[in-house]
Each structure stands twice: as structure tokens, then as C-alpha cells.
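Only a predicted model underlies this, so the values are computations on that prediction, with no experimental measurement involved.
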Amino acid sequence: MADGLVGVLMTFMAGALNGSFAAPTKCMNSWKWENIWAVWAFVALTIFPWILGILTVPNLLTLYRSGGEISPLTLLIGFGVGFGLSQILFGLAIHSIGISLSFAISIGISTALGSLLPLMIFHSKDVLTPTGGLIVAGVFVLLIGIVVCSIAGRSKEKALSISGRPQLSDTAQPKSFGRGLLLSVLSGVSAPLLNFGLIFGAPLMAIATARGVSQGNQANVVWPPLMTAAAIPFALYCLYLWKKNHSFGLFAQNGTTLYWLLGAIMGVLWTGSVVLYGAASVRMGSLGPILGWPLFMSVIIITSNVWGLATGEWRGAGRKPITIMAIGILFLILGFCTLAAAFRTA
């Protein structure tokens with residue numbers, strides 16, 4: 001139980017990091033989307049995962065070839081490509097409708113699919129137990145909170161439209177709410193592939209355990225192939241945009257040296273949060289990915305909304321949207337507590 005409680009705390013920390021990773025984009029207005037997210041992807045999806053894997057898992061490359069574990073590795077690559085597409089959609093959604101609303105919608109859908117589907121498929125016998133009931137109830141309460149947050153976001157858009165104030169930064173598209181909403185939904189549907197990679201990567205983690213890899217580092221065997229596969233659609237899309245927008249030269253633009261550092265920080269925050277979540281999930285036992293995922297998602301939403309307020313996304317919207325958002329966050333906190341209670345009964 002002590003390990004599990006530590007896992008819950010680690011999940012909270014992971015969510016706070018993940019909810020903060022996109023904040024530096026507010027300070028990178030001279031770069032286009034493809035410049036910002038290319039630097040993020042290079043650090044988050046290629047460099048950092050392999051460094052961590054090689055440092056924490058002995059003979060990492062030979063592990064992927066051992067035990068005939070071709071199927072889990074193939075699944076990880078497939079999940080990675082799908083997750084990469086999800087992150088492209090998510091980045092475009094932030095560009096269209098901002099941090100707060102993008103996180104709320106995308107992560108809301110991801111929360112339900114990433115937790116309830118594994119529960120139904122792999123732990124169907126637990127659905128009618130007190131633990132299963134609390135998990136379903138907790139996810140339901142989280143979804144209420146997410147819907148309320150989405151209502152608050154739409155209310156904010158209307159208020160800012162009436163006031164005539166630009167809704168986002170200069171690089172955004174203030175009239176693309178419908179487009180941003182669709183992108184967020186599609187991102188949310190494919191985002192749980194990250195969690196599925198952790199679930200289906202269990203055979204590889206078992207091999208790592210047999211080789212003496214510590215509990216906190218077992219999930220590091222999953223991230224390198226999954227993240228590298230996720231980088232493929234990112235690279236192709238960025239190449240397309242560099243050619244279309246003639247934006248590759250912006251990397252050498254005067255006054256943007258800091259942008260490289262900010263992009264790298266985004267990558268470290270994001271991958272660090274995923275690695276921390278993976279370690280937390282292992283500590284929480286067989287139900288770790290099922291309980292940990294919605295906990296992770298709820299903290300991300302709360303943190304991202306704090307950043308949205310701090311960076312001025314809600315400035316000039318009036319009291320009503322902020323009050324609605326506060327109510328939504330209260331539901332998210334209640335859902336988090338419900339899931340924590342489910343863990344204690346597991």
C-alpha cells in the first residue's frame with residue numbers, strides 16, 4: 001500500500017509537469033507551429049527517451065530481440081505512430097483554441113477511453129466490485145468536470161468575441177473554434193494509445209524485471225520504440241509545413257535563440273512527466289494504468305487551466321466563464337479523490 005500511495009503522489013507530480021509543458025509556446029510568437037513543435041518532438045520523442053532507456057535498462061537493444069517478443073514491440077511501434085498523430089492534432093488544437101480548452105476536451109475523451117476500455121477488456125471481473133464501481137464513478141465525475149470546463153471555454157470565447165478582444169496570441173486563429181474543437185476530439189480519441197503502450201508493453205517490462213531492472217525504471221523499456229515511432233508523423237508533417245510556409249529559415253532568425261531552449265524545456269517537461277507516470281503506474285500494481293491514467297489526466301487539466309489563467313487566456317472574459325471553470329475544476333478534484341479512494345479499496 002505504501003508503494004501505491006507513493007505512486008499516486010508521483011502521478012500527481014507527473015500531471016503537474018505535463019499540464020505545464022505547453023506554457024512556453026506563449027513566449028515563442030516569432031516561430032510558426034512547425035518550428036516550435038519540431039524542437040519539442042526532437043527532444044521529447046527521440047533524444048530523451050533513448051537516453052533514459054540506455055541509462056536505466058542494461059543492454060536495451062538486445063532486450064528488444066530477446067524472448068521472441070516481436071508482437072509487443074510491433075504493437076508499441078503501431079501505438080507510437082497513432083500517438084504521434086494525436087500529438088500533431090493536439091498541437092494544432094492549442095494553436096486554434098488555446099491551452100485550457102484544448103486540454104479539457106482532448107484529455108476528457110482520453111481519460112474515459114484510456115481507463116474504462118482497459119478496465120472492461122482486461123479486468124472485467126472487477127467492474128462490479130467496489131473498486132470497479134469507484135473507478136467508473138470517478139471517471140464519470142471527471143467527465144462532468146471536463147464538460148463544465150468546456151462550457152466555460154465556449155463561454156469565454158463568446159465573451160471575448162463580444163468585447164472585440166483577440167482571443168489568443170498573434171500566431172493563433174481566433175475564429176477557428178469549430179476546427180479547434182474537432183482537432184481536440186480527434187486528439188483525445190488517439191491519445192490513450194500512450195497508455196495502451198504501457199499496458200501491452202508488459203511482456204517487455206517483465207523481461208527487464210528478470211534482468212534486474214528496478215521497479216521505477218521498468219517502464220523505460222517501453223518509451224524508446226513508442227516515442228521514436230511517434231516522431232515519424234511529426235517529422236513528415238513538419239517537413240510538409242516547412243516547404244509550404246517557407247518557415248525552416250525561422251530557426252536562424254535573429255532574436256530566437258531563446259526559443260531553442262524553450263522548445264527543449266517543453267520536451268524535457270513532457271517526456272519527464274510520461275516517464276514519471278510510467279514509474280508511478282508500475283508502483284500501483286495491476287490496476288496501475290487503469291487508476292493512474294485518469295488521475296494523471298485530471299491533474300493535467302487542472303494545471304493547464306492554471307497556466308491558461310496565468311498567461312491571460314481568460315483576461316477580459318468576465319466573471320461568469322471563470323466561475324464556470326472553477327466549478328469544473330472542483331468536479332475534477334472530486335473525481336481525483338474518488339479514484340484515489342478506489343485505489344485504497346483495490
Sequence neighbours excluded, which residues qualify as side-chain contact (heavy atoms from CB on, under 4.5 Å) partners of [X]?
X      : answer
Ile51  : Ile47, Leu55
Ala279 : Met10
Ser110 : Ala191, Pro192, Trp293, Met297
Thr129 : Asp126, Thr131

Report the distance from atom [atom1] of [X] to atom [atom2] of [Y], rounding to the nearest 0.5 Å.
X      : Y      : atom1 : atom2 : value
Trp33  : Tyr237 : CH2   : OH    : 6.0 Å
Leu52  : Leu60  : CG    : CG    : 11.0 Å
Leu17  : Phe296 : CG    : CZ    : 8.5 Å
Ile333 : Leu142 : CD1   : CG    : 11.0 Å
Met13  : Thr11  : CE    : OG1   : 10.5 Å

[X] side chain to [Y] backbone, donor-acceptor under 3.5 Å:
X      : Y      : answer
Ser190 : Leu186 : yes
Ser187 : Ser86  : yes
Thr271 : Ala44  : yes

Exercise for the section: Supply the members, apart from Val148, of the Ile/Leu/Val/Met/Phe/Trp/Tyr cluster built from side-chain contacts under 4.5 Å; use none for a lone residue. Expected result: Phe140, Val141, Ile144, Val147, Ile151, Ile324, Ile327, Phe331, Leu334

Problem - Other cluster members, Ile232 - Ile/Leu/Val/Met/Phe/Trp/Tyr, side-chain contacts below 4.5 Å - result: Leu236

Practice task
With ring-ring contact (aromatic ring centres under 6.0 Å, His included) as the test, would you mind laying out the steps for Trp31 and Trp37 before giving the verdict?
Solution key: CA-CA 10 Å; Trp31 271 5; Trp37 293 96; over 10 Å; no

Which pairs of donor and acceptor atoms, one on a side chain in residues 238-251, lie under 3.5 Å apart (sequence neighbours left out)?
residue, atom, partner, partner atom, Å
Asn245, ND2, Glu34, OE2, 2.9
Ser247, OG, Glu34, OE2, 2.6

Exercise for the section: Would you mind listing every side chain to side chain donor-acceptor pair (under 3.5 Å) that reaches into residues 38-53, with sequence neighbours excluded? Expected result: Trp50-Thr228

Practice task
Check ring-ring contact (aromatic ring centres under 6.0 Å, His included) between Phe196 and all other residues, then give those that pass, not counting sequence neighbours.
Solution key: none

Exercise for the section: Sequence neighbours left out, what passes ring-ring contact (aromatic ring centres under 6.0 Å, His included) with Phe48? Give chain and number order. Expected result: none

Fill in the blank from the handout: Across all chains, not counting sequence neighbours, the side-chain hydrogen bond (donor to acceptor under 3.5 Å, both in side chains) partners of Asn195 are Tyr277

Residues 261-270, side-chain donor-acceptor partners within the protein, below 3.5 Å, at least two apart:
none

Exercise for the section: Quick one: closest heavy-atom pair of Met205 and Val222, and the distance? Expected result: CG-CG2, 4.0 Å

